[in-house]
Amino acid sequence: VLVSPQRTERPWLGQIERAVPEQLPEHDPSCYLCPGNERAGGTRNPNYTETFVFTNDFPALQPLADGEYGTCRVVSYSPRHDAGLGELPLHMVERVVDVWTEQYAELMADPRVGHVQIFENRGAMMGASNPHPHGQIWATEHLPMHVEREVERFTATPTLLVDYLASETERLVEENEHFVAAVPYWAVWPFETLVASRRLVPSLVDLSDAERTSLADIFKRLVQRYDRLFSTLFPFSMGLHQTSHLHAHFYPPLLRSASVRKFMVGYELLAEPQRDLTPEEAAERLRSV
Ligand SMILES: [Zn+2]
Ligand SMILES: [Zn+2]
């Protein structure tokens, strides 16, 4: 059952297009990400009007004398407690992409930093502790395992994703002038998608202004499709890989409804992942909403 988008006036951001019914307030006095609120340790957030970046008050990585060097930052996407990437107006999603780009450039300029992982963990089902739309940026000294494996493959075949995109037709979900979103044939999660730039561009800092706008556009439209699929704020882990060919992975857990998820257990943990629907069916369902 699809819920028709409901338009409401918002003082900060203009009109918000709702894909799903939602109970969240625009501002939550108990939220540590909302403007003007107090965070752990007594720091008070500024009354920010766009994005807001700060170093995590409970970082998973800390600079150590002889351990892995690193830092963890949090990016609040907007002052709005209730508007994610699918609901923010395009110019606000562009601002998020711009902040990712600025943060990536700043952190990679530190000679001690070897990798910057930008990601969003969305929804209680994914362990996200706060519904206020936000992402994280972890900078580490070393390449993490998944990224290292990708670098090996890209070193062997630099045009890996260019070649794949050239052959991809029936599993496309969204596309625009500069980016493509598809359910790749190797996807293991039911509605997993890959977003990749059409041209071989290594990272955010190599994008033109027009390409950054295109990236914001495809993220917004892809997340809207996810939200509409089961009429819920679709949970996922999403993140950017930018070592060889800029791309993003969306790993969403849902399978049949807002509450019925896929479990990677049993045979899948011990032998190999099994698909419950084909990548072609998943792409068709995402295109239909
Ligand atoms: Zn909030
Ligand atoms: Zn990747």
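One-based numbering, in listed order, for ligands and for the atoms of each. We number each residue from 1, following the sequence as shown.
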message = With carbon and hydrogen excluded and only N/O/S kept, which atom of H241 is nearest the Zn ion (ligand 2)?
response = ND1
key: E150: its N/O/S atom lying closest to the Zn ion (ligand 2) (atom name)   = OE2
request  = Check H81 and report its N/O/S atom nearest to the Zn ion (ligand 1), by atom name.
outcome  =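 That would be atom ND1.
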message = Go through it in stages, so that I can follow the logic: the residues are H115 and Q117, the test is side-chain hydrogen bond (donor to acceptor under 3.5 Å, both in side chains), and I'd like the CA-CA distance, side-chain angles, deciding distance and then a yes or no.
response = CA-CA 6 Å; H115 180 70; Q117 185 60 57; 3.0 Å; yes
key: Close aromatic pair by centroid cut-off 6.0 Å: H245 and H247   =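 They do not qualify: ring centres at least 6.0 Å apart.
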inquiry  = Quick check on the 6.0 Å ring-centre criterion: do F119 and W138 meet it?
reply    =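 Centroid separation for F119 and W138: below 6.0 Å.
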message = Let me check your reading of the structure: within less than 2.8 Å of the Zn ion (ligand 2), is there an N/O/S atom from H247?
response =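 It does; at least one qualifying atom falls short of 2.8 Å.
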task = State, to the nearest 10 degrees, the angle whose vertex is the Zn ion (ligand 1) and whose arms point to SG of C31 and ND1 of H132.
result =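 Rounded to 10°, it measures 110°.
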query = Is a side-chain N or O of H132 found less than 3.5 angstrom from the main chain of S78, in a donor-acceptor match?
reply = yes
message = Can a donor-acceptor pair be found, under 3.5 Å and without considering hydrogens, that links the side chain of D227 to the backbone of L233?
response =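 Checking the backbone N and O of L233 against the side chain of D227, no donor-acceptor pair under 3.5 Å is found.
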